[in-house]
2 protein chains.
Amino acid sequence: MTKKITLAKTSFETKEFLDHISLDCVIFGFHDNELKVLTLQLKRTLENALPGGFLKKEETLEEAAKRVLKERTGLDQIFLKQFKVFSDPLRSKNNPQKPDYIDDDLPYDLDFFAKRFITIGYYALVDFTKVNATPDVFSQKCEWKNITESSNYILDHYEIIRDALEVLRLQLRHQPIGYNLLPDKFTMPELQKLYETILGRELDRRNFQRKILSYKILNKLGERKKGGAHKSPFLYEFNLEKYQKALNEGLSGTW
Amino acid sequence: MTKKITLAKTSFETKEFLDHISLDCVIFGFHDNELKVLTLQLKRTLENALPGGFLKKEETLEEAAKRVLKERTGLDQIFLKQFKVFSDPLRSKNNPQKPDYIDDDLPYDLDFFAKRFITIGYYALVDFTKVNATPDVFSQKCEWKNITESSNYILDHYEIIRDALEVLRLQLRHQPIGYNLLPDKFTMPELQKLYETILGRELDRRNFQRKILSYKILNKLGERKKGGAHKSPFLYEFNLEKYQKALNEGLSGTW
DNA sequence: GCAAAAGTGTTAGTCCTACACCCATGG
DNA sequence: CCATGGGTGTAGGACTAACACTTTTGC
């Protein structure tokens with residue numbers, strides 16, 4: 001913690017960051033059959049915010065986003081995609097020179113937060129079970145929130161979440177969304193719930209299974225999922241090679 | 001022209017623009033059955049560049065892009081979509097403090113162009129026949145180039161064009177691409193050629209027509225296209241209301 | 001043994017594909 | 001009058017949507 005504060009101090013004081021440019025990450029995870037977003041709860045105001053950061057002078061946006069992802073989740077190698085820039089001058093208009101969520105004793109460039117920012121929105125897909133959620137210096141808590149919870153986000157952060165979800169829907173056939181959001185081994189009902197959640201509507205259990213299997217992108221494993229009541233479903237894993245190839249063409253069908 | 005120089009002078013000297021942030025527009029037009037991009041030829045070096053500009057302190061990126069579009073094409077109300085941010089620090093690394101394409105007598109902030117820029121890529125769809133192509137202060141010519149011509153673009157501008165085309169392909173079912181690229185009245189073969197160009201492959205004439213008509217998004221008009229040899233095709237126009245509604249669902253099919 | 005969840009199968013209808021045929025126009 | 005491009009039609013096959021039946025599991 002001390003180290004982080006020191007880092008922040010160094011960063012802002014030496015003007016390591018570019019002015020005006022920030023990025024925010026909508027980190028999606030899937031748990032309990034629900035699509036969730038990793039959020040920060042800010043100190044003092046207790047408002048919710050997306051994990052984000054500023055662009056350093058010598059890095060690409062992708063590198064900056066990976067840096068943020070690593071710090072909040074502990075993970076490397078995360079699936080990450082830029083999806084939109086938010087540039088309304090009014091979006092940061094209400095930012096005071098020294099936002100409430102900054103500790104008095106935290107050294108920083110007084111003007112930095114008062115500047116106008118455009119923010120580049122990224123969405124990330126992670127395996128919920130592998131994430132070690134870690135707050136940043138401005139936050140007291142880092143936690144998963146259901147995407148339907150819209151309350152108490154700062155600035156336009158909930159709008160960013162909604163936009164990310166919409167993009168996710170549109171790219172469902174072209175991005176390895178299932179692969180990145182589910183654990184290595186998963187059941188067909190879990191995969192289906194994921195698709196249903198993203199699409200926002202229910203799918204026929206039997207048709208879903210047949211279609212997914214027709215793509216030949218899954219390897220069927222031995223039974224499991226003993227925990228649940230009722231008949232235990234099979235476990236599957238993605239055949240990554242075939243999955244990638246199929247996505248390049250776009251998974252066909254009417255979903 | 002004199003007026004423009006004055007504007008530029010005022011702008012740079014008063015620091016009207018945000019540092020580090022630019023935007024570039026891939027302006028697509030369709031003519032002679034070919035997909036074209038509006039390009040600038042820079043003074044001195046005669047290199048090609050995309051129309052672009054810088055973000056003013058009090059405007060959104062959309063407003064900035066519309067400003068650029070208006071200046072280069074004379075058109076308002078252009079279909080415009082942000083599609084990607086280009087942020088590699090090396091992309092502007094080769095920019096000298098005073099680029100060759102700047103006239104000696106053109107006043108500007110000496111450091112401005114030497115800064116690192118991220119650029120936000122927009123693509124625009126315009127009716128070729130309505131564009132009045134106008135160069136900016138750095139250019140001697142503004143002209144349409146075929147998208148296959150890749151030679152002599154500055155920085156990563158041709159990469160931006162390729163990425164724009166790829167996005168166009170992916171969004172073909174969800175954006176009013178036909179409506180914005182074609183003149184108000186057009187023939188079925190023209191519409192087909194547009195689709196073929198964007199998709200990069202040929203389509204069956206008869207199946208194409210049947211499918212497009214099945215969407216009920218076109219109004220059939222009287223004959224015409226007298227100029228061409230052979231049988232004269234019908235003219236159509238878009239039924240904008242139905243088109244918009246259909247796009248929200250996404251035009252179905254396997255294209 | 002019963003309710004609920006999961007595996008497997010069937011069928012009718014729709015959509016796509018790949019063609020064949022005729023009509024209009026300009027050289 | 002014929003080559004070329006444009007308008008219209010049709011048959012086979014693939015895919016989808018909707019639904020029935022059986023199997024497994026925990027209470």
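Just so it is clear, the values below take in all heavy atoms, side chains as well, and ignore hydrogens, waters and symmetry mates. Residue numbering restarts at 1 for every chain, and letters A, B, ... go by the order of the sequence lines.
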So the contacted stretch of DNA chain C, first to last nucleotide with an atom under 4.0 Å from a non-hydrogen atom of chain B, runs from C:dC16 to C:dG26
Taken to the nearest whole Å, CG/A:Leu203 to P/D:dA18 is 11 Å
List for me each residue that meets ring pair (Phe, Tyr, Trp, His ring centres under 6.0 Å) alongside A:Phe128, sequence neighbours excluded, and say none if there are none. A:His31, A:Trp144
Between the CG atom in B:Leu125 and the CG atom in B:Leu80, the distance rounded to the nearest 0.5 Å is 9.0 Å
Per nearest nucleotide of DNA chain D, the residue lying toward the 5' end, B:Pro233 or B:His230, is B:His230
If you assign A:Lys231 and B:Lys231 each to the DNA chain C nucleotide with the nearest heavy atom, which residue ends up on the more 5' nucleotide? A:Lys231
Going by atom type alone, with no hydrogens or angles, which donor-acceptor pairs under 3.5 Å involve a side-chain atom of residues 232-241 of chain A and a protein atom two or more places apart or on another chain?
| residue | atom | partner | partner atom | Å |
| --- | --- | --- | --- | --- |
| A:Ser232 | OG | A:Glu223 | OE1 | 2.7 |
| A:Glu237 | OE2 | A:Asn219 | ND2 | 3.3 |
| A:Asn239 | OD1 | A:Glu241 | N | 3.4 |
| A:Asn239 | OD1 | A:Lys242 | N | 3.4 |

Pairs of donor and acceptor atoms involving the side chains of residues 173-185 of chain A, under 3.5 Å and at least two apart or interchain, shall be tabulated with distances.
| residue | atom | partner | partner atom | Å |
| --- | --- | --- | --- | --- |
| A:Arg173 | NH1 | A:Gly253 | O | 3.0 |
| A:Arg173 | NH2 | A:Gly253 | O | 3.0 |
| A:Asn180 | ND2 | A:Pro176 | O | 2.8 |

Using modelled atom types and a 3.5 Å cut-off, is there a donor and acceptor pairing between side-chain atoms of A:Gln41 and backbone atoms of A:Cys142? no
Contacts of A:Glu149 meeting side chain to side chain donor-acceptor pair (under 3.5 Å) (sequence neighbours excluded), chain-then-number -> none
Take the protein atom CG of A:Leu251 and the nucleotide atom P of D:dC15, then report the distance between them rounded to whole Å. 14 Å
Contacts to DNA chain D from residues 204-214 of chain A, heavy-atom cutoff under 4.0 Å, which residues? A:Asp204, A:Arg206, A:Asn207, A:Arg210, A:Lys211
A:Ser232 side chain N/O closer than 4.0 Å to the phosphate oxygens (OP1, OP2) of D:dT25? yes
Donor-acceptor check, side chain of B:Gln140 to backbone of B:Lys43, threshold 3.5 angstrom: yes or no? no
I'd like to know whether B:Tyr195 forms a ring-ring contact (aromatic ring centres under 6.0 Å, His included) with B:Phe208, so could you lay out the CA-CA distance, the side-chain angles of the two residues, the decisive distance to 0.1 Å, and finally the verdict. CA-CA 10 Å; B:Tyr195 270 71; B:Phe208 177 83; 5.6 Å; yes
